[in-house]
Amino acid sequence: MASSFLRTALRGAFITFRGNPFTDGQDALQYESDGLIICRDGLIEFAGPWDARHPLLAGATLRHYPDALMVPGFIDTHVHYPQMQMIGAYGAQLIDWLNTYTFVAEQQYSDLTYARTVADTFICELLRSGTTTAAVYCTVHPASVQTFFEAAEKRDLRMIAGKVLMDRNAPDALLDTAQSGYDDSLALINAWHGRGRLHYAITPRFAPTSSPAQLEAAGALWKGNPTTYMQTHLSENHDEIAWVKSLFPGRKGYLDVYDHYGLVGPRALYGHAIHVDASEWQRLAEADASVTHCPTSNLFLGSGLFDFARTCEPEAGLLPVRTGLATDVGAGTSLSMLRSMGEAYKVGQLGGYSLSAIKAFYLATRGAANALHLEHRIGSIAAGHDADIVVLDRHSTPLLKFRDSYCNSIEEVMFVLMTLADDRAVNAVYINGAPASLA
Ligand code: GUN
Ligand code: ZN
């Protein structure tokens with residue numbers, strides 16, 4: 001087959017980031033009001049201004065999106081696929097919410113057929129929301145990981161996922177042991193990590209549901225498989241933090257529990273990180289670890305307000321911390337990263353910090369890729385990157401169309417999208433340069 005036959009060309013406005021707007025200012029944003037993106041063999045071959053005479057256009061399939069804004073595929077840095085059936089569970093904060101709703105729902109994933117159905121539905125919903133990469137928690141059942149990776153592989157997606165490790169403080173039906181959790185995770189790493197665009201994350205749920213022996217085993221597993229990720233939860237809720245103190249009285253604090261067991265370092269992803277003290281921030285920064293901000297979840301469970309200023313633009317003398325935005329469904333109330341950006345703005349406002357649209361879009365694209373140490377592959381519309389691209393319709397609702405007509409700058413268009421838009425604005429999604437079915 002002639003290679004030009006595999007080319008797809010997209011014409012329309014697009015944004016991407018050539019740097020970090022928190023440190024490099026507005027210049028970090030690249031905006032093409034009439035742009036051209038050429039994809040070939042899964043990668044972006046060219047991204048720049050529209051040029052009808054561009055030599056790579058010859059033989060390419062051209063699609064034109066006049067009322068759209070193309071953006072890099074969104075990246076959700078923390079989400080639980082087995083909690084889809086319990087989004088919007090009423091009236092509880094973290095520990096009660098886990099016991100009353102979450103641990104009940106997750107028991108259903110011992111059923112392979114059920115897990116397969118939800119994994120497929122979840123991936124479909126992610127794509128309908130414009131999310132092309134996510135760091136995903138499965139359940140304690142190894143088959144829940146298998147079914148998730150199979151669903152992701154079918155769609156050719158770049159995905160990160162792992163089996164939850166949990167050997168105490170949960171219903172018996174959801175418990176593994178330090179040894180079985182280690183063995184099952186290792187088998188999944190050998191089967192899936194590095195296969196196509198799939199990556200494995202060693203996933204101790206959080207300190208309270210793992211014994212010291214299990215955390216030690218998780219640390220050993222990570223040490224033996226250093227290119228994998230390690231994902232867990234950190235300092236989300238005051239009662240949780242007090243519980244961790246009582247379970248690990250010998251440790252200095254929550255992060256120190258993970259540190260003690262070798263679970264702090266590059267490619268560690270800590271969900272929430274709300275109530276983190278100065279020495280813990282310092283340690284996270286020095287260790288080159290990442291945190292994931294989950295605004296809709298933190299609001300829904302009443303967990304607290306994330307400190308953007310500390311992680312993204314700290315005072316002189318303090319190091320920044322890699323930060324990605326995340327939905328945290330099922331505590332999060334939407335799989336849409338546009339909705340997460342909008343709520344991140346409100347969380348910032350409550351803390352006296354006004355998150356700009358440029359910074360919010362960065363945190364959902366290139367910044368999230370940076371948090372995942374995947375900045376060289378995803379999160380940008382740039383030559384050599386994976387061709388994962390989302391086409392946002394600026395007129396997807398009558399209100400959005402009306403409001404859009406009053407926008408005077410690309411920053412305003414972006415801010416209106418993150419304030420008003422949701423999955424209805426996702427007009428098309430390209431995975432590896434090919435249009436995805438959103439049905
Ligand atoms: N902490 C431990 N497990 C969970 C979970 O499933 N969701 C959230 N939001 N926090 C957690
Ligand atoms: Zn979570």
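Everything numeric in this text was worked out from a predicted model, so none of it was measured. Numbering of residues begins at 1 and proceeds along the displayed sequence.
- For Asp422 and Ser336, the side-chain atoms include no donor-acceptor pair closer than 3.5 Å.
- Heavy atoms only, all atoms of each residue included: Pro208 and Leu247 are closest at CA-CD1, 3.6 Å.
- For the ring pair (Phe, Tyr, Trp, His ring centres under 6.0 Å) test, residues two or more places apart in sequence or in another chain that qualify with His80 are His78, Tyr137, His233.
- Two rings, from Phe14 and Tyr31, have their centers 6.0 Å or more apart.
- Shown here is Glu216, whose CD atom has no more than 12 heavy atoms of other residues, nucleotides or ligands within 6.0 Å.
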| request: Run the numbers on Val276 and Tyr254 for side-chain contact (heavy atoms from CB on, under 4.5 Å), then give the verdict. | output: CA-CA 9 Å; Val276 173; Tyr254 201 155; over 6 Å; no
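- Ring centroids of Tyr109 and Tyr81 are separated by less than 6.0 Å, placing the two rings close together.
- With respect to Arg205 and Glu106, a salt bridge is recorded, a charged nitrogen being found less than 4.0 Å from a carboxylate O.
- Side chains of Asp328 and His272: a donor-acceptor N/O pair is present below 3.5 angstrom, by distance only.
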| task | Could you walk me through whether Phe415 and Tyr345 pass the ring pair (Phe, Tyr, Trp, His ring centres under 6.0 Å) test, one step at a time? | result | CA-CA 10 Å; Phe415 191 67; Tyr345 175 77; 4.9 Å; yes
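- A salt bridge (Lys or Arg N to Asp or Glu O under 4.0 Å) check over residues 355-365, counting only residues at least two apart or in different chains, returns the pairs Glu313-Lys359.
- Leu325 CG to Ile75 CD1: the interatomic distance, rounded to the nearest 0.5 Å, is 11.0 Å.
- Between Ile358 and Phe361 there is no side-chain heavy-atom pair separated by less than 4.5 Å.
- Ion pair Arg116/Glu150 flagged as a salt bridge, since at least one NZ, NE, NH1 or NH2 atom sits closer than 4.0 Å to an Asp/Glu carboxylate oxygen.
- Side chains of Ile381 and Ile44 form a contact here, defined as non-hydrogen atoms less than 4.5 Å apart.
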| said: What verdict does the side-chain hydrogen bond (donor to acceptor under 3.5 Å, both in side chains) test give for Asp76 and Thr131, after you've listed the backbone C-alpha separation in whole Å, the side-chain angles of each residue and the deciding distance to 0.1 Å? | reply: CA-CA 7 Å; Asp76 184 344; Thr131 297; 5.4 Å; no
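- The side chain to side chain contact (heavy atoms under 4.5 Å, CB included) search around Ala213 returns Ala178, Ser211, not counting sequence neighbours.
- Arg168 has no carboxylate O lying under 4.0 Å from a charged side-chain N of Asp176, or vice versa, which leaves the two without a salt bridge.
- Between Arg158 and Asp386, at least one side-chain N (NZ, or NE/NH1/NH2) sits under 4.0 Å from a carboxylate O, which counts as a salt bridge.
- A salt bridge is absent between Glu286 and Arg283; no separation between the charged side-chain nitrogens and carboxylate oxygens falls under 4.0 Å.
- Heavy atoms of other residues, nucleotides or ligands lying less than 6.0 angstrom from NE2 of His376 number more than 12.
- The number of heavy atoms from other shown groups lying within 6.0 Å of CZ (Arg424) does not exceed 12.
- With 3.5 Å as the limit, one finds a donor-acceptor pair spanning the side chains of Thr232 and Tyr258.
- Side-chain contact between Trp192 and Gln146: present, with at least one pair of heavy atoms (C-beta onward) separated by less than 4.5 Å.
- The shortest side-chain heavy-atom distance between Thr227 and His193 falls under the 4.5 Å cut-off.
- Between Lys401 and Asp67 no salt bridge is recorded (no basic side-chain N to carboxylate O distance below 4.0 Å).
- Tyr200 and Phe149 have tilted rings, their planes meeting at an angle from 30° to 60° on a 0 to 90° scale.
- Under the 3.5 Å distance criterion, with hydrogens and angles disregarded, no donor-acceptor pair is assigned to the side chains of Gln349 and Tyr353.
- Contact between Cys138 and Phe148 at its shortest, heavy atoms only, is SG-CB, 4.1 Å.
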